[in-house]
Protein chains: 2
Amino acid sequence: MLKPHHIAALKHIALLGGLHESVILTSKQLGIALGVSQQTASQRLLDLINDGLISRDIISRREYVKLTPKGMEVLRREHADYKRLFEVGKKLLLKGTIVSGLGEGAFYMRQKGYKEQFKKKLLYDPYEGTLNLRLSSSDISKLDIMRQSDGIDIDPFESDGRTYGGAKCLPAKIANIDCTIIMPKRSHHSDIVEVISKQNLRGKLGLKDRDIVELSVFL
Amino acid sequence: MLKPHHIAALKHIALLGGLHESVILTSKQLGIALGVSQQTASQRLLDLINDGLISRDIISRREYVKLTPKGMEVLRREHADYKRLFEVGKKLLLKGTIVSGLGEGAFYMRQKGYKEQFKKKLLYDPYEGTLNLRLSSSDISKLDIMRQSDGIDIDPFESDGRTYGGAKCLPAKIANIDCTIIMPKRSHHSDIVEVISKQNLRGKLGLKDRDIVELSVFL
DNA sequence: ATTACTAAAATACGAGTAG
DNA sequence: TCTACTCGTATTTTAGTAA
């Protein structure tokens with residue numbers, strides 16, 4: 001289990017330059033920086049190595065540490081949280097028409113592996129269904145921007161022997177109702193976006209196929 | 001002493017909306033979110049209140065929490081750290097074709113009110129002309145991102161009884177030459193970007209209308 | 001329903017120190 | 001020097017429970 005003080009140590013290493021290169025770091029230095037003893041700092045480093053968040057090399061009697069891709073990912077998510085807090089108001093307007101899904105949206109929404117992550121990361125329990133929107137052609141290029149922006153990551157998982165893919169979530173609003181755009185990580189580029197919400201959007205807004213709606217997405 | 005797990009709790013409250021308003025939060029909910037017991041979460045809340053990072057009110061038997069200015073400041077510092085880590089050297093690639101302006105670019109570049117600001121804020125004296133680029137359609141939506149990013153502000157001013165509008169500048173590179181994208185603040189959305197540089201880019205790069213060029217923009 | 005107290009259990013910490 | 005082990009102690013956490 002990854003704890004806040006591990007993230008703090010990881011962040012310190014990253015700020016020293018360990019995000020991009022190997023940096024010399026003794027456990028004593030780390031201890032001073034974090035306000036703990038050398039022994040504790042040493043243990044923190046071991047924990048981080050154990051969790052695969054940093055790698056360590058000894059080159060000519062000096063210890064070099066460097067973040068692994070997994071470690072970077074942890075910090076990138078922290079960053080995404082802070083961006084959500086302080087960089088709100090960057091928004092994109094999407095326009096599209098309602099289309100029917102094949103019901104797979106609801107199937108995925110029922111999977112425990114997703115439901116738990118939604119609750120934890122989106123901070124609400126979504127309605128078990130998705131609203132599918134076919135974007136107007138002039139807005140399709142905005143999908144690239146959305147893919148590039150950070151968003152909230154949903155991790156892939158396995159269940160009953162099959163694999164469920166990861167996704168990226170972006171907070172949005174449709175007719176003043178809070179919702180979330182969910183973009184599968186390894187989907188083929190498409191002109192359809194899926195929207196989930198605490199409520200049944202289709203019912204609540206009285207939407208039917210071919211209706212045109214506008215959606216604000218917050219990057 | 002403020003510990004990492006206090007910051008984690010503070011961040012969670014902020015993400016729930018406590019940055020801007022009072023939000024209902026029970027110690028049980030907080031405990032679940034942080035992966036600790038109700039009792040521990042209760043203690044965390046008390047610590048945060050004690051440190052003056054959040055305030056708590058009881059309204060009709062519900063407890064509302066909200067960050068204090070001091071609490072916001074703590075998170076803002078965290079945010080600044082992550083920005084240093086991830087928001088240096090973020091760049092966007094633009095592709096477009098060279099088009100002719102109507103010479104107004106050069107007119108504006110000659111205005112003392114602009115020239116002085118360029119010198120002071122861009123740290124160089126731009127060539128008195130602009131290179132105009134019509135973006136490829138797939139890159140037009142990147143303009144939104146550029147408008148929302150911070151950039152360097154050029155202030156509006158008055159001279160000879162007329163008003164000259166403000167603009168936002170973004171550092172860029174074209175064929176490895178440093179340049180600056182200048183975006184008028186109150187322009188109608190357009191697919192054309194204007195580029196200025198110390199040198200006469202058109203001459204230096206031997207560009208003519210309809211040539212296709214790539215531009216890196218640093219956000 | 002809550003919050004939060006007390007006491008026991010679990011965990012983390014740092015001193016001493018080996019390698 | 002350094003890292004990182006053991007182990008006694010301090011702190012933190014949680015269960016039980018009162019308010």
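Throughout, a chain's letter reflects where its sequence line sits, starting with A, and its residues are numbered from 1. The analysis underlying the following values was restricted to heavy atoms, covering all of them including side chains, and did not include hydrogens, waters or symmetry mates.
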Subject >> Donor-acceptor pair (no angle test) under 3.5 Å: B:Gln43 side chain, C:dA4 base >> reply: no

Original post:
Could one point to a donor on the side chain of A:Gln39 or the base of C:dA15 with an acceptor on the other under 3.5 Å away?
Top reply: yes

Original post:
Quick one: is D:dT3 close enough that its OP1 or OP2 comes under 4.0 Å of any side-chain N or O from A:Ser27?
Top reply: yes

Original post:
Using a cut-off of less than 4.0 Å, is there contact between a side-chain N or O of A:Thr40 and OP1 or OP2 of C:dG14?
Top reply: yes

Original post:
Can you list the steps and then say if A:Asp155 with A:Lys121 is a side chain to side chain contact (heavy atoms under 4.5 Å, CB included)?
Top reply: CA-CA 11 Å; A:Asp155 298 315; A:Lys121 298 178 180 175; 3.1 Å; yes

**OP:** Indicate the atoms forming the closest heavy-atom contact of A:Ser190 with A:Arg147, along with that distance.
**Re:** N-NH2, 4.3 Å

Original post:
B:Leu45 near the nucleic acid: base, sugar-phosphate alone, or nothing, with a heavy-atom cut-off under 4.0 Å?
Top reply: nothing

**OP:** Could you tell me the separation between the CD atom of B:Gln38 and the C1' atom of D:dA19, rounded to a whole number of Å?
**Re:** 13 Å

Original post:
Given axes from five pairs at either end, by how many degrees does the helix from C:dT2-D:dA19 to C:dG19-D:dC2 bend, rounded to 10°?
Top reply: 40°

**OP:** Using atom CG of B:Leu34 as one end and atom P of D:dT14 as the other, report the distance to the nearest whole Å.
**Re:** 11 Å

**OP:** Please state how far atom CG in B:Asp47 lies from atom P in D:dT12, giving the value in whole angstrom units.
**Re:** 9 Å

Original post:
Does the cation-pi check pass for A:Arg162 over A:Tyr164, that is, NZ or CZ under 6.0 Å from the six-membered ring centre and within 45° of its axis?
Top reply: yes

Original post:
In whole angstrom, what separates A:Glu63's CD from C:dG19's C1'?
Top reply: 14 Å

Subject >> Atom-to-atom span, CZ of B:Arg62 to P of C:dT2 - whole angstrom >> reply: 9 Å

Subject >> Shortest non-hydrogen separation from A:Met109 to A:Gly129 and the atoms involved >> reply: CG-N, 3.9 Å

Subject >> Minimum side-chain heavy-atom gap A:Glu194-A:Leu133 below 4.5 Å >> reply: no

Original post:
Under 4.0 Å between a side-chain N or O of B:Arg44 and OP1 or OP2 of D:dT12?
Top reply: no

Subject >> Below 4.0 Å: OP1/OP2 of C:dT3 and any side-chain N or O of B:Ser42 >> reply: no

Subject >> Nucleotide C:dA1, atom C1' - distance to CD1 of B:Ile24 in whole Å >> reply: 13 Å

Original post:
Rounding to a whole Å, what distance do you find between B:His6:NE2 and D:dT11:P?
Top reply: 14 Å

**OP:** Would you mind classifying the nucleic acid contact of A:Thr26 as base, sugar-phosphate or nothing, using non-hydrogen atoms under 4.0 angstrom?
**Re:** sugar-phosphate

Original post:
Any side-chain heavy atom of A:Leu131 sitting closer than 4.5 Å to one from A:Ile98?
Top reply: yes

**OP:** Look at the rings of A:Tyr114 and A:Phe157 and say which category their plane angle falls in: under 30° parallel, 30 to 60° tilted, over 60° perpendicular.
**Re:** perpendicular

Original post:
Can you tell me if the side-chain N/O atoms of B:Arg56 get under 4.0 Å from OP1 or OP2 in C:dA4?
Top reply: yes

Original post:
What is the distance, rounded to the nearest whole Å, between atom NZ of A:Lys3 and atom P of D:dT12?
Top reply: 12 Å

